[in-house]
Amino acid sequence: MTTPPRSKPPQFSMQALLGVTTALAILCAAFSWLGISLLAVFTGMWLLATAIVLGTLGIYCRGSRQTCFAAAFVGWTATLYAGPAMSGSFGSVFSYLFAAALPVIGALLSGVVAVFTRRFVERRGWNLPEQEKP
């Protein structure tokens, strides 16, 4: 008779899971007590997390991808400040959608313009040292 394979121990203890669940419940109750909707919280978390991802990709990629992600990070963070000011008061769902869509548009436009600018510069040879220019 063979022994059954050992299973891995659980990654998180029940005490840690109970603590995280309790903290999340208290946080949600505090947000609702303060009048902040969870839609606003999740929109803010999505906007900040995407900025972190774009910044990380802008640092660790190379070539045209690095240019695209670095410019997208700049476009994303620049429009984060303009979104709430342009959408007015955050009361309707449309203002949240506008605040979430504006950084996406800014990132896409910035990334595309940066890649085309890089290709234009490389085609002209402006990125080469003086002795290698045609």
Within this structure, what is the OG1-CG distance for the pair Thr22 and Leu17, rounded to the nearest 0.5 Å? 10.5 Å

With a cut-off of 3.5 Å and sequence neighbours excluded, list every side-chain donor-acceptor pair involving residues 106-121.
from, atom 1, to, atom 2, distance (Å)
Ser110, OG, Gly106, O, 2.8
Thr117, OG1, Val113, O, 2.7
Arg118, NE, Glu122, OE2, 2.9
Arg118, NH1, Gly63, O, 2.9
Arg118, NH1, Thr67, OG1, 2.6
Arg118, NH2, Glu122, OE2, 3.4

Kindly write out the residues that satisfy side-chain hydrogen bond (donor to acceptor under 3.5 Å, both in side chains) with Thr77, not counting sequence neighbours, or none if the list is empty. none

Excluding Ile59, membership of its hydrophobic cluster (Ile, Leu, Val, Met, Phe, Trp, Tyr; side-chain heavy atoms within less than 4.5 Å) reads Tyr60

Decide whether Val53 and Phe69 are clustered together by the hydrophobic rule: side chain heavy atoms of Ile, Leu, Val, Met, Phe, Trp, Tyr closer than 4.5 Å, transitively. yes

When rounded to the nearest 0.5 angstrom, what distance separates CZ in Phe73 from OG1 in Thr56? 8.5 Å

